Amino acid sequence: VRTSKKKDQARKERMAQIFDRSSNALARASLVLTGLIVIALGVTLDQLQRSPWVTRQGQRPDQPVPFSHKHHVQGLGVQCQYCHVTVETSSYAGIPPTKTCMNCHAQIWTNAQLLEPVRQSWATGQSLAWIKVHDLPDYVYFSHEIHVHKGIGCASCHGRVDQMPLMYAENTLQMEWCLDCHRNPAKNLRPTSEIYNNAWEKPSSDRPVWCAVGDEKRGVPTAESVNCVTKEPAENADEMSPLLGQIGIAPSKYIKFTSQDDLGRFLVVHYKIRTPNELASCEVCHR
Amino acid sequence: MSEIKNNLVGTIQPAPMTLVQIRQELKGQKGKQFWRSVDELANTPEFQAAVEREFPGSPHSWGDDVSRRGFLKFMGASMALAGLAGCTKQPDEPIYPYVKQPEDLILGKPMYFATAHPFVTGAVPLLVKCDQFRPIKIDGNPEHPYNQGSSDPFTQATLLDLYDPDRSQHVTYRGENREWAEFAVELRDKVISTKDGSGIYFLSETITSPTLARQWGEVKKAYPKATLVQYDPAVAGTAASRGFDPQYSLSNADVIVSLDADFLSGAAFPGFHKLVRQYAERRKDPTKLNRLYAIESTPTTTGLKAEHRLGLRASEIPAFAAELAKTVGVKGVESPAYNWTGEQKKFLAALAKDLKAHEGKSVVIGGLYQDGLMAELVLGINYALSNAGQTVFLPVEGPIYPFFHTDQNANLKALVADLNAGKVDWLVILNANPVYNAPADLEFTAAFEKAKMTAHLGSHVDETGQVAQWHIPAAHFLESWSDARAYDGTVSIVQPMIDPLYGGKTAHHFLQALLDEPGLSPYETVRETWKSIIKGDFETGWRKALHAGWVEGTANERLENVRPNIAYQAIIPFQIPGGLGNFSIEVSVPVPSPKDSLEIIFRPDPNIYDGRWSNVGWLQELPKPVTNLSWDNAAIVSGATLTKYGLEEDDIVELSVQGRKVKAPVIVAPGHPDNSVTVHLGYGREFAGRVGSGAGFNAYLIRTAASPFYAVGSMKKVEGKWGLAVTKSHYQDHRPKLFGGQGNGNNSLEGNEAISERGIIRYATLAEFKANPGFANEGSGHEKTDKDNTMFPNWEYKDNAWGMSIDMNSCTGCNACIVGCYAENNIAVVGKQQVRIGRNMQWLRIDTYFEGDLASPRAHFQPMACQHCENAPCEQVCPVGATVHTPEGLNAMVYNRCVGTRYCSNNCPYKVRRFNFLLYSDFETESLKLMRNPDVTVRSRGVMEKCTYCVQRISAAKIEADKENRAIRDGEILTACQQACPASAISFGNINDKQSKVAKLQADGRSYQVLADLNTRPRTKYVAAVLNPNPELEVAPVEHKPAKG
């Protein structure tokens, strides 16, 4: 017996339990936890690359001059194209040359400390070095001209620039955001007469829009073939008659729209917007 | 190690040639026989092994010696980094707007300016595309009467020449940086001190600029003893350089005879653009076919394109021309007694008969690189055939600063004599490189050192720049003001597209420095020339000339009454006392060199010309026509000569002429005359730059002023192999029996299937075409595709459907399209070693299918790029959807999705996809960044790429059309290849628009699709060729016995 006890003792010493029974639960928990961590990591990374930290959505970088779009657009009523001159003719909207600033600031605020970099640039011929706020991912070819010709307003992508004291990106400019509209452009289309109107709001029963189609032959530029107004054409015939006479559409021809869906569908047809299939094709943006 | 590596990398070595085997191969075949390379004909085991791999040698070759373990280590590290990189954000990007923006600049829209490429054989009028005032694409001026928008490989490639990072950047004196003003003052003071200009010598490239001619005239007036010598190695000694420039008009020519004139392969031949256009116009309509005979000393695309081709040794050609002249009735010609073969006699008789039957409607074109007496014979023949005034015109140069025509070799000789006599105080070299390319017998380098002071104006510090005391960087023609004459005499104003990148100067600066107003800019100088000539208000006329691209009324007058002017009589003693039909010439043609002697023929290189474009990677990598050789020149011989000397391709031989020797690799060209070797000039440069230095061998070392075009010499084998990069065996598909091959060991698509079933090349003679106009789509192997026989649902193309049509009858294989594609699509240059393992990146290649006998083949040139299959095999196998179809039928490539599996390329039956095995694109060099097309992505490593039908141009046109609410007009989109093509062989457009040119061509009975039986439904269709052979010579050429000796 003794010997067997000794043997037991010896065996116990040799094969001491490393893990306690409770370890089983721990092991199971850790398995689950590992899975959770992996998932969490994935979700985090996924969120991270959509986050403003990566996309810079909403960030206001330090610019050489704290230029206020709000002051110039809302306050002074400067037209978008006064500075962004090529928005209708080229893929780039254009960043104004120092000369554009000096057109006014040679006369007003000529001693303002804030404008010192502008005067420096004008005197030395060195460009102002702005930081790009709307920085498209590489390998994307975007064209401003076709968007503004086909009824996408500035504010659809850039937000209420007229309310931005300092410029920031309203949207992510990521591919999913582009495709969201390319797959269903109707929800963002507006009359081309309202492209530069930052305060434009989608039509509703309170704010209806009336549109009519004029001469729709092929070869007529889009903006000229469709006319939209925000006042009832028949009631305001006196006020609008010079305009209506010019484009030759009778007030009775106008159709009333009270929702963006209806207006969008109408404009898709008459602005000849390509089909979602065509717009979402790779070669549209990548070459 | 290197031996092992070579085995692994498995380049396509030219297989050992066994002529017996090849003849055997040809003997058994009936009907039309095609082959792409001699290796393929011989079909050796080495060749089979090479084509079995899609990219030769790709499985084992990473191009460097990384072990498996090392590879895994690197992969692990790069995976980790890739993970991190995914989360990093784009860095802040600055915007630098203008301070004052140029008024008419719209950023993002290109601007076009007219100018001209001044070239030795005549300026090429251009319309240059500029992005933010950086030239990014060069094309012909579409409104210019001479080239009508077409260009050529040289002209296309001058763009890369402008941005060449190895261009010289500083004025130096004995290696130290100086200022231009210091030099100008020194030169001016010296010249003034001589009083009469004695001891002042200028050595210039050929002068084609009227302003430079005017300036020289003024210098000469002030300093009568100053001397100007022109020297261009590629034209020195030709009749053309002495003023013999007949204007051929091929529009009305039913029969065209080329006597060693290579007028279809490049701008090296004067009038190339116009001649190709007129030749091709007549090839497009089978009812208007012309007939081309070529008698040539080295195989060129002209000869291979001809209905009837006779390969003769260079010295035999004048004798043959003399026989021809006698046969068609030219008096006063003495031809040597010569033992012509039966075949040659038959050819001559049939040719003469055909010419006589087409009096007034034929033309005989003389070779550039033949003796002056050929010029006389050719004129004689054309006069005898009443072609003068019909298809041949002798131009009368207008009174406005005509070309200086000089005997360049004689003048250079005189200069060397003066140098040796110590008469030369100052030798100023203007854009020439005589230390490298002067005739070897003049010993120019030794003489050069005897000049008391030397100055060199050049774009690079080249061989001459290295030894000259002063070096001044030259401005590129895209950076300078000048003017230049085209072939037809029209003067274009050369206007700068960009400020000189490195402060370069032009020859105008040099000559102006000696005149009364030394500081006058070239702009003022050029205006000065034209002030007295442009009629009406000068400013209006000047602006008009700049805008249009040429000065009104400067074209040569045509001599309608066929009387050559005085200048001609100085060159050739040509008398027409009684007018047409009653003239005589006196020509005595020397006896050709003995049949068993070895003739060495010197020709400027088809790609880099005389060596001036050595450092242009596009041209170096471009496979040369006929041989498909890139990155080297070679001693080109016939198969029989190869056997006679006991050689194999790629062996090194020593060529010697009068004791001067050079070592060269050997390569075979089908159709090369026996006992004759062709060497191309322009290689073997020492100081060309990072690209060109060390490529090939220097053939100038054995070229003398006495015999600049061909010389009798000898050839012997020496030890070693050269390692040529030949692309002709690349991109051949391999298909075993299981998948539709014949399983007889002949695996290559082209060799096997082009012959019998697949009908890659389809053509008919005129008689066959008349009997059966639908020949291209009938018979076995020409089955139509079954649209519904596919697993995938068919897409209906409602709006635009892009398609291309390529006219096989017009394409002359000149390569202009390939270089145009390089520039438009930011294609990378990979280097010789990568080409050797089949990795050249050209999106477009020209497949050359030889037909018939090895010694006298005909060739078919087939431009081959992505076919944009509607049922594309590549798309079905891409695991990541990186290659997809667009709603308009383009086969699009999404670079950012591509992970580099290369399945698509495996599954492509046309072998048109190109993979970036390494980082081929240069993202570092600053000057090259300026050159890139901003509308096309620069591809990085690990990405597949291919022809996109120039999708960037389609998108631009679509935006423009959508803005205006209209359909895209036919002809609004030109692909880069189409735009460059001088033969207008390529058409592109919307095949859904039945009125479009491309739709009409695709509907033509001769249009066929390549490999249509695979049901790929390619969007590119080829128009089958119709040849117009002379019935008397129609029997397929049989192999003549190799010359004895």
Side-chain angles (χ1 to χ4, degrees), chain A residues 45 48-49 53-56 61 85-86 88-92 94-100 102 121-122 124-133 135-139 141 143-146 149-150 216-222 224-225 271-275 277-278 281-287, chain B residues 83 86-102 105-109 795 798-800 825 881-888 890-897 933-939 948-956 958-967:
Chain A
L45 284 176
L48 190 69
Q49 65 100 15
W53 183 72
V54 170
T55 64
R56 312 208 169 178
V85 285
T86 55
E88 284 183 5
T89 48
S90 171
S91 48
Y92 301 119
I95 300 295
T98 312
K99 173 82 170 57
T100 307
M102 293 305 285
S121 160
W122 186 245
T124 59
Q126 294 284 313
S127 294
L128 283 162
W130 302 97
I131 306 284
K132 222 174 191 173
V133 172
D135 196 0
L136 269 181
D138 291 344
Y139 312 117
Y141 291 87
S143 167
H144 274 96
E145 55 175 331
I146 193 64
H149 271 91
K150 292 287 175 181
E216 219 191 296
K217 278 183 288 190
R218 292 279 256 191
V220 176
T222 335
E224 287 172 29
S225 61
Y271 283 173
K272 303 211 162 46
I273 308 290
R274 290 180 180 270
T275 62
N277 193 315
E278 287 176 289
S281 179
C282 303
E283 101 285 9
V284 171
C285 308
H286 305 284
R287 286 155 207 167
Chain B
C87 282
T88 50
K89 46 186 183 177
Q90 289 194 70
D92 272 342
E93 284 185 48
I95 310 174
Y96 299 105
Y98 277 96
V99 176
K100 288 179 203 163
Q101 185 157 343
L105 173 70
I106 297 173
L107 282 175
K109 286 270 182 241
W795 176 265
K798 285 177 191 151
D799 191 6
N800 299 319
N825 291 305
T883 182
V884 290
H885 230 66
T886 76
E888 300 185 337
L890 297 180
N891 174 239
M893 186 67 222
V894 190
Y895 304 123
N896 270 14
R897 282 186 186 168
N933 183 353
D935 294 329
V936 177
T937 306
V938 181
R939 283 81 56 189
T948 62
Y949 271 174
C950 286
V951 64
Q952 65 281 4
R953 296 184 175 200
I954 298 175
S955 288
K958 260 165 81 176
I959 287 177
E960 220 39 58
D962 279 6
K963 269 167 67 179
E964 293 169 25
N965 211 11
R966 61 171 170 84

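Sequence lines set the chain letters: A, B, ... in the order given, protein chains first and strands last, and positions in each chain run from 1. Because the structure is predicted, anything quoted here is derived from the model rather than measured.
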Practice prompt. Check the pair A:E283, B:K958 against side-chain contact (heavy atoms from CB on, under 4.5 Å), reporting the backbone distance first and the verdict last.
Written response: CA-CA 12 Å; A:E283 101 285 9; B:K958 260 165 81 176; 3.8 Å; yes
Worksheet item: Under the side-chain contact (heavy atoms from CB on, under 4.5 Å) criterion, do A:Q126 and B:V99 qualify, and how do the steps go?
Response: CA-CA 7 Å; A:Q126 294 284 313; B:V99 176; 5.9 Å; no
Item to complete: Mind checking ring-ring contact (aromatic ring centres under 6.0 Å, His included) for B:H885 and listing every partner two or more places apart, or none if nothing turns up?
Response: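 Counting only residues at least two positions away or on another chain, B:H885 forms no ring-ring contact (aromatic ring centres under 6.0 Å, His included).
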For [X], which atoms come within 4.5 Å of any heavy atom of chain A: side chain, backbone, both, or neither?
{"X": "B:T948", "answer": "neither"}
{"X": "B:N800", "answer": "side chain"}
{"X": "B:D962", "answer": "both"}
{"X": "B:V936", "answer": "backbone"}

Worksheet item: Do A:R274 and B:E888 pass the salt bridge (charged side-chain N to carboxylate O under 4.0 Å, His left out) test, and can you show the C-alpha distance, the side-chain angles, and the key distance before you say yes or no?
Response: CA-CA 12 Å; A:R274 290 180 180 270; B:E888 300 185 337; 3.6 Å; yes
Flag the one option from [options] with the top tally of heavy-atom pairs under 4.5 Å to chain B.
{"options": "A:T89, A:T124, A:T98", "result": "A:T98"}
{"options": "A:M102, A:H149, A:K99", "result": "A:H149"}
{"options": "A:I95, A:I131, A:D135", "result": "A:D135"}

Worksheet item: In terms of side-chain geometry, is the basic nitrogen of A:E145 or B:K109 positioned less than 4.0 Å from the acidic oxygen of its partner?
Response: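 Judged by the 4.0 Å cut-off on N to carboxylate O distance, A:E145 and B:K109 do form a salt bridge.
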Nearest 0.5 angstrom please: [X] [atom1] to [Y] [atom2], how far?
{"X": "B:N896", "Y": "A:C282", "atom1": "CG", "atom2": "SG", "result": "11.0 Å"}
{"X": "A:T86", "Y": "B:Q101", "atom1": "OG1", "atom2": "CD", "result": "7.5 Å"}
{"X": "B:I959", "Y": "A:K150", "atom1": "CD1", "atom2": "NZ", "result": "11.0 Å"}

Worksheet item: Any idea which of B:V951, B:N825, B:D92 has the most non-hydrogen atom pairs under 4.5 angstrom with chain A?
Response: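 Among the listed options, the one with the most contacts to chain A is B:D92.
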Discussion item. Just so I understand: if I count every heavy-atom pair under 4.5 Å between each of B:V938, B:I954, B:T886 and chain A, which residue has the most?
Written reply: B:T886
Heavy-atom cut-off 4.5 Å, strictly under: side chain, backbone, both or neither for [X] against chain B?
{"X": "A:S121", "value": "both"}
{"X": "A:P61", "value": "neither"}
{"X": "A:S143", "value": "side chain"}

Discussion item. Determine whether B:E93 and A:D138 satisfy the following criterion, side-chain contact (heavy atoms from CB on, under 4.5 Å), listing intermediate values before the conclusion.
Written reply: CA-CA 11 Å; B:E93 284 185 48; A:D138 291 344; 4.2 Å; yes
Item to complete: Please report the C-alpha distance between A:R287 and B:Y895 in whole Å, then the side-chain angles of each, then the deciding distance to 0.1 Å, and finally whether the side-chain contact (heavy atoms from CB on, under 4.5 Å) criterion is met.
Response: CA-CA 8 Å; A:R287 286 155 207 167; B:Y895 304 123; over 6 Å; no
Worksheet item: Excluding sequence neighbours, so at least two apart, what forms side-chain contact (heavy atoms from CB on, under 4.5 Å) with A:Y92?
Response: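 Testing A:Y92 for side-chain contact (heavy atoms from CB on, under 4.5 Å), a comparison that skips the adjacent residues, returns A:S90, B:L107.
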Fill in: Closest heavy-atom pair and its distance - B:P97, A:S127
O-OG, 2.5 Å
Discussion item. Keeping A:Y139 on the side-chain end and B:V894 on the backbone end, is there a donor-acceptor pair under 3.5 Å?
Written reply: no
